[in-house]
Amino acid sequence: MITLSLLALVGCAQVKAAHDDNFAIESLGDGIYVHHGVHLDIDDGYQGDICNASFIVGSKGVAVIDTGGSFKIGKQLRDAIRKVTPLPVIYVINTHVHPDHIYGNAAFLNDKPQFIGHDKLANAMELRHEAYAKLNARLLGADAQASELVKPTLTVKTTLELDLGDRKLTLTAHPVAHTNTDVSVIESKSGTLFTGDLLFIERTPVLEGDIKGLITEVQKLKNSPAKQVVPGHGPVTKNWIEALNNEEHYLTVLLTDIRTSIKKGESMESTMNTAAASEKGKWILFDVANRRNVNIIYPALEWE
């Protein structure tokens, strides 16, 4: 399951700053910045840089939301922050346990921030430590060096409010959905919601947790007071209700099709070729990601 979770992943405004040729930062205004990872699958050459990594500059300091998949990416993110502000990094928030979101944490250790995540994140990190380290070494090579696994020093059981001075961040711990460690963040000043991988835009949604739980959390997110949304993967959007609807539709079709296949006695391998086939033209990396979703969901649904 841990291996599958990595396999499943290794998969608005003008750009204001860029360095190292490829590491670009998008300014959303109001002191909010996002680095967009590329849509790569493991077979296309995973470089540890596939998720969105964000930071928010307040009057007291900086909050980072996800740090990338290696120390190298985390350092590039930290260097980008230093080009924007000299204020200290006081919070580093991980939206969930997947390695493309957490292995840049080590680049911020010298800043001595609070590392923050779901109440179950530390245990999930510990359980996956050995498997993730081996996969990172194989996939990233030298870039995996110094990619220390940094656990949270402050956890979110239900909600948690963080003070950046002129703005507040409200963190919400979600029930099992994309993973069992999902956290979303909403920023008060601009109304920006950071969903982590509860929301994918353009790229095929993936999960290792519970598809029914994910559908429920997607529905709940529609009640957010957000004005714009930063997904875990894909572009920032102000049309975030539409984006949530698109993901919910894909997940609902996938769930319905897998249940139908099980009822007909069709094998998992056969179901990989048919489930959610009507969605194929709507999502990047569909073929590989959808098959992996079926591989995770089918066995669980057999026991409904």
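No experiment lies behind these values; they were computed from the predicted model shown.
- For Ser59 (side chain) and Asp166 (main-chain N/O), a donor-acceptor pair under 3.5 Å exists by modelled atom type.
- Clustering ILVMFWY residues whenever any of their side-chain heavy atoms sit less than 4.5 angstrom apart, transitively, puts Ile297 in the very cluster that holds Ile262.
- The two atoms that bring Ile90 and Asp163 nearest to each other are CD1-O, 4.3 Å, heavy atoms only.
- Note: the hydrophobic cluster containing Val176 does not contain Leu214 (ILVMFWY, side chain heavy atoms under 4.5 Å, direct or indirect links).
- Ionic pairing of Arg167 and Asp30 is not present here: no N-O contact between side-chain nitrogen and carboxylate oxygen is shorter than 4.0 angstrom.
- For the pair Arg138 (side chain) and Gly141 (backbone), a donor-acceptor distance under 3.5 Å is absent.
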Test log, rule side chain to side chain contact (heavy atoms under 4.5 Å, CB included), inputs Val206 and His178 = CA-CA 7 Å; Val206 298; His178 174 69; 3.9 Å; yes
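- Of the possible polar contacts, one joining the Thr216 side chain to the Lys212 backbone as a donor-acceptor pair under 3.5 Å is found.
- Rounded to the nearest 0.5 Å, atoms NZ (Lys220) and CD1 (Ile215) are 13.0 Å apart.
- Only one option out of Lys72, His35, His36 pairs with Asp49 in a side chain to side chain donor-acceptor pair (under 3.5 Å); it is His35.
- Looking only at side-chain heavy atoms (C-beta outward), Ser278 and Val253 come within less than 4.5 Å of each other.
- Side-chain N or O atoms of Asp210 include none that pairs as donor or acceptor with a backbone N or O of Ala300 at under 3.5 Å.
- Of all heavy-atom pairs between Leu164 and Gly61, the closest is CD2-O, 3.5 Å.
- Rounding to the nearest 0.5 Å places CH2 of Trp283 at 8.5 Å from CD1 of Ile201.
- Annotation: Lys222, atom NZ; neighbour count of heavy atoms from other residues, nucleotides and ligands within 6.0 Å is above 12.
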Hey, mind stepping through Asn52 and Asp66 against side chain to side chain contact (heavy atoms under 4.5 Å, CB included) and telling me if it holds?
-> CA-CA 7 Å; Asn52 291 334; Asp66 289 331; over 6 Å; no
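- Counting only heavy atoms from C-beta outward, the side chains of Arg78 and Val64 never approach each other to under 4.5 Å.
- Tested against Glu187, the residues Thr170, Ile32, Leu162 include a single side-chain contact (heavy atoms from CB on, under 4.5 Å) partner, Ile32.
- Within 6.0 Å of atom NZ in Lys280, 12 or fewer heavy atoms from other residues, nucleotides or ligands are found, so the atom counts as exposed in its surroundings.
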Report the C-alpha distance between Leu109 and Glu148 in whole Å, list the side-chain angles of each, state the deciding distance to 0.1 Å, and finish with yes or no for side chain to side chain contact (heavy atoms under 4.5 Å, CB included).
-> CA-CA 10 Å; Leu109 282 169; Glu148 179 183 346; 3.6 Å; yes
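- Partners of Asn239 by side chain to side chain donor-acceptor pair (under 3.5 Å), not counting sequence neighbours: none found.
- For the 3.5 Å distance criterion, the side chains of Thr271 and Glu266 fail to qualify, holding no donor opposite an acceptor.
- With rounding to the nearest 0.5 Å, the separation of CD in Gln145 from CZ in Phe71 is 11.0 Å.
- From Leu285, atom CG reaches atom NE2 of His233 across 10.5 Å, with rounding to the nearest 0.5 Å.
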Test side chain to side chain contact (heavy atoms under 4.5 Å, CB included) applied to Thr67 and Val150, step by step | CA-CA 11 Å; Thr67 58; Val150 180; over 6 Å; no
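- A 6.0 Å sphere centred on CD of Glu130 holds no more than 12 heavy atoms belonging to other residues, nucleotides or ligands.
- Classified by interplanar angle (parallel below 30°, tilted 30° to 60°, perpendicular above 60°), the ring pair Phe286/Tyr250 is perpendicular.
- In this structure, Thr237 contributes its side chain and Val229 its backbone to no donor-acceptor pair below 3.5 Å.
- In terms of heavy-atom proximity, Asn136 sits nearest to Ala144 at O-CB, 3.6 Å.
- No side-chain heavy atom of Phe194 sits under 4.5 Å from any side-chain heavy atom of Thr95.
- Within the 4.5 Å cutoff, side-chain heavy atoms of Leu77 are placed close to those of Phe23.
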Check against salt bridge (charged side-chain N to carboxylate O under 4.0 Å, His left out), Lys83 and Asp79 | CA-CA 6 Å; Lys83 290 178 180 290; Asp79 290 346; over 6 Å; no
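- Looking at Met125 and Pro152, their side chains come closer than 4.5 Å, going by heavy atoms from C-beta outward.
- Two residues are said to be in side-chain contact when any heavy atoms from C-beta on lie closer than 4.5 Å; Asp111 and Val62 fail this criterion.
- Expressed to the nearest 0.5 Å, how far CD1 of Ile296 lies from CD1 of Ile211 amounts to 10.5 Å.
- Considering only heavy atoms from C-beta on, Val89 comes within 4.5 Å of Arg82 through its side chain.
- Taking CD of Glu247 as the reference point, atom CG of Asn245 lies at 10.5 Å (rounded to 0.5 Å).
- A heavy-atom distance below 4.5 Å is not found between the side chains of Leu121 and Ile116.
- Using modelled atom types, one finds a donor on one side chain and an acceptor on the other under 3.5 Å when comparing Asp182 with Thr179.
- Side chains of Glu208 and His98: a donor on one and an acceptor on the other come within 3.5 Å.
- The two residues Ala277 and Asp257 make their nearest non-hydrogen contact at N-OD2, 4.4 Å.
- Residue Ala124 comes nearest to Val97 through the heavy atom pair CB-CG2, 3.8 Å, listed as atom of the first residue, atom of the second, then distance.
- A single hydrophobic cluster is seen to contain both Leu140 and Leu40, as judged by linkage of ILVMFWY side chains at heavy-atom distances under 4.5 Å, directly or through other members.
- Residue Lys134 qualifies as open at atom NZ: its count of foreign heavy atoms under 6.0 Å is 12 or below.
- At a threshold of 4.0 Å, the pair Glu269-Arg291 counts as salt-bridged, since one of the basic side-chain nitrogens sits closer than that to a carboxylate oxygen.
- Between Ile186 and Pro225 the shortest heavy-atom distance is CD1-CG, 3.9 Å.
- Counting only distance, with no hydrogens or angles, the side chain of Ser267 and the backbone of Ser270 share a donor-acceptor pair below 3.5 Å.
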